[in-house]
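Both ligands and their constituent atoms are indexed starting at 1 by order of listing.
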Amino acid sequence: MQKSNYPKQATIYEVGPRDGLQNESGLISIDDKVELINQLSTTGLKHIEAGSFVSPKWVPQMANSNQVLDKINRAQGIRYSALAPNLIGLDAAVDAGVDEVAIFGAASEGFSKKNINCSIDESIERFKPVVDKALAHNLKVRGYVSCVIACPYDGAIEPEKVADVSQRLFDLGCYEISLGDTIGVGTPNKIREMLNAVSKKVSSDALAIHCHDTYGQAIANIVAALECSVRTIDSSVAGLGGCPYAQGASGNVATEDVLYLLNGLGIQTGVDLEKVASAGDFISKALGRDNQSKVAKALSK
Ligand code: HMG
Ligand code: MG
């Protein structure tokens with residue numbers, strides 16, 4: 001029998017409170033956001049993206065991230081992170097006491113312009129002082145690259161372009177690069193091709209995969225990423241989410257679905273599936289919608 005190259009362990013990077021909620025049109029109460037993060041904090045997760053310090057004109061839903069971070073019960077051993085696209089955002093994130101920040105660029109010019117209002121080159125220039133200041137505050141910095149397979153404005157993206165932007169963010173001082181299939185159009189062959197190119201520039205130890213599940217390919221794509229030695233998987237409880245600047249993109253892959261997959265493959269995460277499903281049920285009810293996780297639905301029957 002052929003030996004599988006799955007790892008013994010993998011890390012789940014929970015992005016639900018940020019990526020999951022940022023696209024909601026109705027304002028979600030601070031108490032509901034806090035309750036969600038508090039429930040997630042009891043599941044064994046070690047990374048929770050708790051908010052976003054972006055312009056409130058661009059993403060109104062995240063405007064109260066400082067109050068959310070102020071009210072949560074911080075559990076030991078969990079890194080609570082937030083997005084910070086510029087120095088204004090970084091200063092606000094530092095004031096809110098985050099453990100880690102994330103900068104976010106793109107492999108496509110069209111998305112960069114629509115999402116952060118600048119070209120890729122300009123974004124790298126803008127990120128430099130953000131990373132320097134964050135590191136000076138002893139904060140780890142994560143780098144996102146969006147549109148690693150395709151862009152809603154520019155179409156298909158060359159793997160070499162993704163590799164180039166990933167390397168530029170890594171060279172700035174990011175400890176990890178999260179590769180976003182922002183509109184969820186990837187298939188395993190495309191994911192492999194992209195990861196082959198990126199891992200020539202940034203070691204796969206420092207890569208994460210960030211799949212939106214628009215076309216239902218996220219779980220297959222995550223298997224492909226695991227086979228390419230990626231060990232960190234971004235996911236969102238209850239499959240919440242979408243990007244406000246990528247129209248039609250659905251939520252992230254559900255954390256519950258990823259946990260079911262990893263449990264089945266014998267890959268340890270230290271995260272309790274039932275507890276995550278319970279947090280997912282809470283937020284789905286609070287938002288008045290069905291839980292998007294197939295696994296959570298099956299478990300609730
Ligand atoms: P801009 O308009 O070019 O910025 O936006 P600016 O520097 O000219 O500032 C304009 C105004 O915004 C000023 O206020 C600033 O003070 C204010 P005014 O003088 O007009 O009253 N401002 C801020 N306020 C609060 N916090 C800040 C901040 N910065 C400026 N940090 C900017 C540039 C980057 C700010 C804007 O484009 C922005 O906020 N974009 C964020 C968009 C976003 O959050 N998208 C979703 C997250 S990315 C994502 O979901 C993808 C990901 O999940 C991976 C994947 O799936 O691919 C990560
Ligand atoms: Mg995303």
Side-chain angles (χ1 to χ4, degrees), residues 13-24 49 51-66 81-96 98 100-108 110-120 122-127 129-130 133-134 141-153 157 162 165-166 169 174 176-186 191 194 207-214 218 221 232-236 239-255:
Y13 198 103
E14 171 62 48
V15 296
R18 191 280 302 175
D19 208 350
L21 299 184
Q22 70 183 6
N23 205 28
E24 289 292 325
E49 203 165 66
S52 181
F53 293 95
V54 297
S55 162
K57 288 183 195 137
W58 286 62
V59 185
Q61 187 62 257
M62 290 288 111
N64 51 21
S65 290
N66 57 340
S81 61
L83 300 191
N86 53 19
L87 283 170
I88 301 177
L90 178 72
D91 289 343
V94 169
D95 284 349
V98 298
E100 174 175 320
V101 291
I103 53 175
F104 48 104
S108 81
F111 190 77
S112 184
K113 193 79 199 151
K114 281 279 197 297
N115 196 42
I116 51 174
N117 203 23
C118 61
S119 69
I120 295 172
E122 285 163 349
S123 76
I124 302 292
E125 284 309 307
R126 191 187 281 174
F127 293 148
V130 177
K133 197 165 179 184
V141 185
R142 192 174 209 235
Y144 281 101
V145 180
S146 284
C147 301
V148 299
I149 304 293
C151 166
Y153 311 104
I157 300 297
V162 183
V165 176
S166 299
L169 293 183
C174 293
E176 181 168 86
I177 304 298
S178 173
L179 300 161
D181 182 6
T182 315
I183 51 175
V185 291
I191 294 286
M194 181 274 295
L207 298 177
I209 192 81
H210 178 106
C211 293
H212 286 260
D213 203 22
T214 321
N221 291 340
T232 300
I233 298 157
D234 296 2
S235 61
S236 176
L240 300 169
C243 175
Y245 294 97
Q247 230 191 357
S250 73
N252 294 87
V253 64
T255 305

Among [options], which residue places a heavy atom closest to [atom]?
atom                    : options               : result
atom 38 (C) of ligand 1 : Tyr144, Phe104, Trp58 : Trp58
atom 54 (C) of ligand 1 : Ser146, Ala84, Gly180 : Ser146
atom 44 (O) of ligand 1 : Val59, Leu83, Asn86   : Val59
atom 58 (C) of ligand 1 : Arg18, Lys113, His210 : Arg18

For [X], counting its heavy atoms only, list the atoms of ligand 1 lying under 4.0 Å from any of them.
X      : answer
Asn115 : 37 (O), 40 (N), 41 (C), 42 (C), 43 (C), 45 (N), 46 (C), 48 (S)
Asp19  : 50 (O), 53 (O)
Lys57  : 14 (O), 18 (P), 20 (O), 21 (O)

- Message: Counting only heavy atoms closer than 4.0 Å, does ligand 1 sit against the backbone of His212, its side chain, both, or neither?
- Response: side chain
- Message: Can you tell me which N/O/S atom of Asp19 has the shortest distance to the Mg ion (ligand 2)?
- Response: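 It is OD2 of Asp19.
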- List for me each residue that meets side-chain contact (heavy atoms from CB on, under 4.5 Å) alongside Ser81, sequence neighbours excluded, and say none if there are none.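 With sequence neighbours excluded, Ser81 shows a side-chain contact (heavy atoms from CB on, under 4.5 Å) to Tyr13, Glu49, Glu100, given in chain and number order.
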- Message: Would Val145 count as being in polar contact with ligand 1, using the rule that some N or O on each side must be under 3.5 angstrom apart?
- Response: no
- Set of side-chain hydrogen bond (donor to acceptor under 3.5 Å, both in side chains) partners for Gln61, sequence neighbours left out: Lys33
- Item | Reported SG-to-CD1 distance for the pair Cys211 and Ile191, which is rounded to 0.5 angstrom | 5.0 Å
